Undergrad: 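Before we start, here is the structure in question, set down as structure tokens.
Predicted model, so just to flag it, every value in this text is computed and none were measured.
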Amino acid sequence: MFTGLIQKRGYIRKRSALALEIEVPGDVWSDLTFGESIAINGACLTLESQQGSVLTFHTLAETLKRTNLGLLPPGSMVNMERALRLGSPLDGHLVSGHVDAHAPVKRWQERPGGDMELTVALPESLQSLVAEKGSIAIDGVSLTVVAVRSDEFTVELIPVTREHTALVERKVGMQVNLEADLMARYAARFWQVQQQRSGNVTMDKLWEAGFIK
């Protein structure tokens with residue numbers, strides 16, 4: 001599990017069918033261990049080796065197909081976060097590291113006060129899982145949804161998020177990884193199962209199941 005709070009930024013050094021090499025400028029974590037999980041652009045990958053500032057991760061064809069890690073060219077900046085440890089603060093939201101889809105950036109717009117509004121296309125598969133004021137991970141960054149329309153959604157980025165994550169490099173048309181909020185996923189699944197069983201989901205049933213309070 002992860003929090004969506006980016007700890008470091010790296011750069012894609014080399015990519016093959018089975019491995020992804022990430023170069024981390026500056027200080028690399030000093031206590032990395034073989035086999036640990038690190039989220040790269042929100043995708044949970046397994047660390048295979050470290051040679052100085054270069055980290056090598058095992059990748060599957062499915063990972064490269066379903067995330068932007070198979071699309072970004074060498075030299076592209078990526079977000080990095082180590083797995084959440086018991087007792088660590090949870091300042092973002094629970095992120096599983098299982099990317100649901102990737103979608104293109106549609107536009108950037110500066111807001112009064114200096115914040116930037118980012119609009120991303122909303123895949124049909126995620127339309128029932130993205131809600132206004134809910135959480136979503138974009139390239140592994142925990143963000144709050146500001147608005148949702150039929151085929152797109154919007155978030156706002158404060159200056160520190162732009163300055164310290166790879167989202168600063170995502171131009172219009174570029175693909176970003178999306179992971180819906182876990183609670184939204186379970187609520188949608190509960191609704192689906194109840195509809196299949198009874199064809200009638202009520203507010204009382206949602207209350208009894210603990211989805212609303």
Undergrad: Are Leu167 and Glu169 packed together at the side-chain level, in the sense that at least one heavy-atom pair is separated by less than 4.5 angstrom?
TA: no
Undergrad: I would like to know whether Val95 and Glu179 meet side chain to side chain contact (heavy atoms under 4.5 Å, CB included); could you show each step before the answer?
TA: CA-CA 8 Å; Val95 177; Glu179 182 188 327; 3.2 Å; yes
Undergrad: With a cut-off of 6.0 Å (strictly less than), are more than 12 heavy atoms of other residues, nucleotides or ligands near CZ of Arg162?
TA: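 Check passes, neighbour count above 12.
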Undergrad: Distance from Thr56 atom OG1 to Lys14 atom NZ, nearest 0.5 Å?
TA: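 Nearest 0.5 Å value for the OG1-NZ distance: 9.0 Å.
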Undergrad: Less than 4.5 Å apart, side chain to side chain, heavy atoms only: is that true for Thr144 and Val155?
TA: no
Undergrad: Main chain of Ile136, side chain of Asp181: is a donor-acceptor contact present, judged purely on distance under 3.5 Å?
TA: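 Judged by distance alone, no pair lies under 3.5 Å.
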Undergrad: Spell out, as yes or no, whether a donor-acceptor pair under 3.5 Å connects the side chain of Asn177 to the backbone of Asn68.
TA: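 Between the backbone of Asn68 and the side chain of Asn177 there is a qualifying donor-acceptor contact (under 3.5 Å).
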Undergrad: Ignoring hydrogens, what is the shortest heavy-atom contact between Asn79 and Val141? Give both atom names and the distance.
TA: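 That closest heavy-atom pairing would be ND2-CG2, 3.5 Å.
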Undergrad: Between the main-chain N or O of Ala103 and the side-chain N or O of Gln175, is there a donor-acceptor pair closer than 3.5 Å?
TA: yes
Undergrad: State yes or no: do Leu55 and Leu60 share one hydrophobic cluster built from I, L, V, M, F, W and Y residues joined by side-chain heavy-atom distances below 4.5 Å, directly or via other members?
TA: no
Undergrad: Can you tell me how far apart OG1 (Thr59) and NZ (Lys65) are? Round to the nearest 0.5 Å.
TA: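 Between atom OG1 of Thr59 and atom NZ of Lys65 there are 15.0 Å.
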Undergrad: Check whether Met1 and Ile38 end up in the same hydrophobic cluster, where Ile, Leu, Val, Met, Phe, Trp and Tyr are linked by side-chain heavy atoms less than 4.5 Å apart.
TA: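 Looking at the clustering, Ile38 is in a separate group from Met1.
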Undergrad: I'd like to know if Leu45 and Val54 are part of one continuous hydrophobic network [Ile/Leu/Val/Met/Phe/Trp/Tyr, side-chain heavy atoms within less than 4.5 Å].
TA: no
Undergrad: Indicate the atoms forming the closest heavy-atom contact of Phe153 with Ile138, along with that distance.
TA: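 It is CE1-CD1, 3.8 Å.
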Undergrad: Starting from the C-alpha separation in whole Å, work towards a yes-or-no answer on side chain to side chain contact (heavy atoms under 4.5 Å, CB included) for Asp151 and Lys106.
TA: CA-CA 11 Å; Asp151 61 350; Lys106 296 190 71 172; 3.9 Å; yes
Undergrad: Once you round to the nearest 0.5 Å, how far does NE2 of His164 lie from CD of Gln7?
TA: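 It comes to 14.0 Å.
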Undergrad: Are side-chain heavy atoms of Met80 and Trp29 found at a separation under 4.5 Å?
TA: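 They are in side-chain contact.
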Undergrad: After noting the C-alpha distance and the side-chain angles of Ile22 and Arg13, does the key distance pass the side chain to side chain contact (heavy atoms under 4.5 Å, CB included) rule?
TA: CA-CA 5 Å; Ile22 303 294; Arg13 184 172 182 268; over 6 Å; no
Undergrad: For the side chain to side chain contact (heavy atoms under 4.5 Å, CB included) test, which of Asp100, Leu126, Leu122 pairs with Leu178?
TA: Leu126
Undergrad: Take a 6.0 Å sphere around CD of Glu62 and say whether it holds more than 12 heavy atoms from other residues, nucleotides or ligands.
TA: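 Enclosed.
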Undergrad: Main chain of Leu129, side chain of Gln127: is a donor-acceptor contact present, judged purely on distance under 3.5 Å?
TA: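 Here the side-chain-to-backbone pair does not exist.
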Undergrad: How close do Gly10 and Pro25 get, heavy atom to heavy atom, and via which atoms?
TA: CA-CD, 4.3 Å
Undergrad: With rounding to the nearest 0.5 Å, note down the distance linking OG in Ser37 to CZ in Phe2.
TA: 5.5 Å
Undergrad: Do Arg15 and Glu21 sit within salt-bridge range, that is, some charged N less than 4.0 Å from a carboxylate O?
TA: no
Undergrad: Is a side-chain donor or acceptor of Glu81 paired with a backbone partner of Ile6 at a separation under 3.5 angstrom?
TA: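 Between the backbone of Ile6 and the side chain of Glu81 there is no qualifying donor-acceptor contact (under 3.5 Å).
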Undergrad: When you compare the side chain of Thr67 with that of Asn41, does any pair of heavy atoms fall below 4.5 Å?
TA: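 Asn41 does not reach Thr67 side chain to side chain.
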Undergrad: Looking at every non-hydrogen atom in both residues, tell me the closest pair between Val105 and Lys171 and how far apart they are.
TA: CB-O, 3.5 Å
Undergrad: Hey, quick one: are Met174 and Trp108 part of the same hydrophobic cluster, counting side-chain heavy atoms closer than 4.5 Å, chains of contacts allowed?
TA: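 No, Met174 and Trp108 fall in different hydrophobic clusters.
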Undergrad: For residues 110-120, which side-chain N or O atoms pair as donor and acceptor with protein atoms under 3.5 Å away, sequence neighbours left out?
TA:
unit_1, atom_1, unit_2, atom_2, d
Thr119, OG1, Thr154, OG1, 3.1

Undergrad: Got Leu157 and Val168 here, is their nearest side-chain heavy-atom distance under 4.5 Å?
TA: no
Undergrad: Looking at side-chain heavy atoms only, is the closest gap between Val28 and Gln50 below 4.5 Å?
TA: yes
Undergrad: Find out whether Ser96 and Leu182 are in side-chain contact, i.e. whether some heavy atom of one side chain is under 4.5 Å from a heavy atom of the other.
TA: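 They are in contact (side-chain heavy atoms under 4.5 Å apart), so the answer is yes.
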Undergrad: Taking the side chain as C-beta and beyond, is there a heavy-atom pair between Arg66 and His102 under 4.5 Å?
TA: no
Undergrad: How close do Leu69 and Ala43 get, heavy atom to heavy atom, and via which atoms?
TA: CD1-CB, 4.1 Å
Undergrad: I'd like to know if Leu94 and Val99 are part of one continuous hydrophobic network [Ile/Leu/Val/Met/Phe/Trp/Tyr, side-chain heavy atoms within less than 4.5 Å].
TA: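 The answer is no; the residues belong to distinct hydrophobic clusters.
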Undergrad: So Glu48 and Phe57, side chain to side chain contact (heavy atoms under 4.5 Å, CB included) or not? Walk me through it.
TA: CA-CA 5 Å; Glu48 286 195 331; Phe57 299 88; 6.0 Å; no
Undergrad: What closest approach, in Å, do Thr33 and Leu47 show between heavy atoms, and which atom pair accounts for it?
TA: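 Thr33 and Leu47 have their closest heavy atoms at O-CD2, 3.6 Å.
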Undergrad: Can any side-chain N or O of Lys8 pair as donor or acceptor with the backbone N or O of Arg82 at less than 3.5 Å?
TA: no
